[in-house]
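We count ligands from 1, going down the list as the structure has it; atoms in each ligand are counted the same way.
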Amino acid sequence: MSQPFTLPPLPWADNALEPVISKRTIEFHYGKHHAAYVNNLNGLVAGTDMADMSLEQIVRAVKDDPAKKGVFNNAGQVWNHTFFWNSLAPQRTEPSKALADKIAESFGGMQQFEEQFIKAATAQFGSGWAWLIVNNGKLEIVTTANADTPMAQGKTCLLTVDVWEHAYYLDYQNRRPDFLKAVVGERLNWKFASENFEKA
Ligand code: MN
């Protein structure tokens with residue numbers, strides 16, 4: 001069986017996000033959950049015309065095909081998790097001047113952005129993701145359910161936070177808002193978001 005997709009290395013050490021996200025959470029979230037999505041996807045695309053496609057191509061190709069829901073779910077989750085790890089940083093980071101200006105224009109400022117992002121991410125019912133995206137030249141906060149991703153619709157993603165329970169349950173149990181306050185306040189990778197904004 002071919003194995004076209006591999007689990008990308010983490011951009012930081014597995015304990016680098018402590019105390020906001022524990023090494024133990026990363027061991028399970030990256031080492032078990034993310035790895036399983038990669039393995040599942042490889043099994044699903046092996047021997048099909050999707051084996052030679054990029055992850056983005058697969059997600060966009062199968063997004064409206066009910067018969068390929070399993071492919072969409074696993075491909076989406078592989079992409080979303082890799083994007084999530086890159087959306088996190090061990091140290092506090094700042095957006096570029098261009099992105100900071102756009103955030104001020106769109107939300108009123110960083111503090112207002114953080115409040116609105118946490119509110120939206122908290123309100124996502126069940127499993128899913130909260131995103132900062134560029135849509136038609138404007139910044140938007142959106143949430144997606146399960147494996148769905150704005151990338152499937154061709155939107156430019158700047159950063160994301162995973163709000164599946166497996167993202168926070170070991171460290172915060174049911175307290176999703178506490179997880180979000182800590183991550184949004186201290187661990188978002190604004191350098192990564194700014195690089196994505198430049199490309200938008
Ligand atoms: Mn996850």
Restricting to N, O or S atoms of His166, which is nearest to the Mn ion (ligand 1)? NE2
Please find the N/O/S atom of Asp162 nearest to the Mn ion (ligand 1) and write down its name.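 Checking each N, O and S atom of Asp162, the shortest distance to the Mn ion (ligand 1) belongs to OD2.
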Could Glu105 and Lys102 be called an ion pair, given the rule that one side-chain N must be under 4.0 Å from one carboxylate O?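 Yes.
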Check Lys191 with Glu195, please: is the shortest side-chain N to carboxylate O separation under 4.0 Å? yes
Closer than 2.8 Å to the Mn ion (ligand 1): does that hold for any N, O or S atom in His81? yes
Parallel under 30°, tilted from 30 to 60°, perpendicular over 60°: which one fits the rings of His29 and Phe84?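 Ring orientation of His29 relative to Phe84: tilted.
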Using a 4.5 Å cut-off between side-chain heavy atoms of Ile, Leu, Val, Met, Phe, Trp and Tyr, which other residues end up in the same hydrophobic cluster as Leu170? Phe28
